[in-house]
Amino acid sequence: MLKIKTFTFNPIQENTYVVSDETGEAVVIDAGCYFPQEKEALKNYLESEDLTLKLVLNTHLHFDHQFGNRFLYVTYGLKPHAHRDDEFLLEKVVAGATIYGFPVTENAMPIGHYLSEGDKISFGKTEFSCIHVPGHCPGHLVFHDARNKVLFAGDVLFRGSIGRTDLERGNHSQLITGITEKLLILPDVTVVYPGHGPSTTIGEEKQHNPYL
Ligand SMILES: [Zn+2]
Ligand SMILES: [Zn+2]
């Protein structure tokens, strides 16, 4: 049984997920905690639920999705897993965040482990498979738990919307193709947890998403 805790962090209102199962092992997806109290809230949750953090995962490396990675490294000794094609974004974190009006003083945490299409990630009794869906950014991954019918979609697919493609190395047709061929083929009941906003399902987006 999966337990999914959603935090909405930083001024960009990014969703950070802590996913755990009955073994007490947990992963963090897109650690966007920016303010000290957000970092504390994440740590307090792990402690109060008696969870053992095993992995730090990134759907992609836009700045709002990785502010907390260095904190997790310092606190738990875990380096983030992400796709190599997003590595170039790490050099832009400091400048990007500054443009949006909130300063970052430390450099972004480097990728510790590369993930690519088809890779499996295991913790406790849970397994995610990595689906590469570029277009919002080149190295965007979606994490799929087929057994629990859950998808962590980052900024690929939102409730009633899709990821923007006007950022560096974005590609609209590539994004649409990826969503159509790799995500909409999943069972309709699959619950989608996006990088921003409320959760949805594959069936709901197949029927009502105006961008698809
Ligand atoms: Zn993004
Ligand atoms: Zn985002």
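Just so you know, ligand 1 is whichever comes first in the structure, and atom 1 is the first atom listed for that ligand. Quick caveat: nothing in here was measured; it's all calculated off a predicted structure.
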Contact flag H136/the Zn ion (ligand 1), N/O/S atoms, threshold under 2.8 Å: yes
Hey, is the Zn ion (ligand 1) within less than 2.8 Å of some N/O/S atom on H60? yes
E127 versus S129, side-chain donor and acceptor atoms under 3.5 Å: no
Ignoring hydrogens and angles, state whether a donor on the side chain of N15 or D30 is under 3.5 Å from an acceptor on the partner side chain. no
Cation-aromatic face contact K39/F35, 6.0 Å, 45 degrees: no
Looking at the Zn ion (ligand 2), is there an N, O or S atom belonging to H196 that lies under 2.8 Å away from it? yes
Using a cut-off of strictly less than 2.8 Å, determine whether H65 has an N/O/S atom near the Zn ion (ligand 2). yes
Taking the Zn ion (ligand 2) as the vertex, measure the angle between atom OD2 in D155 and atom OD2 in D64; round to 10°. 160°
Give the name of the N/O/S atom in H62 that lies closest to the Zn ion (ligand 1). ND1
I need the L53 CG to T75 OG1 distance, nearest 0.5 Å. 9.5 Å
Less than 6.0 angstrom separating the ring centers of H140 and H132, yes or no? no
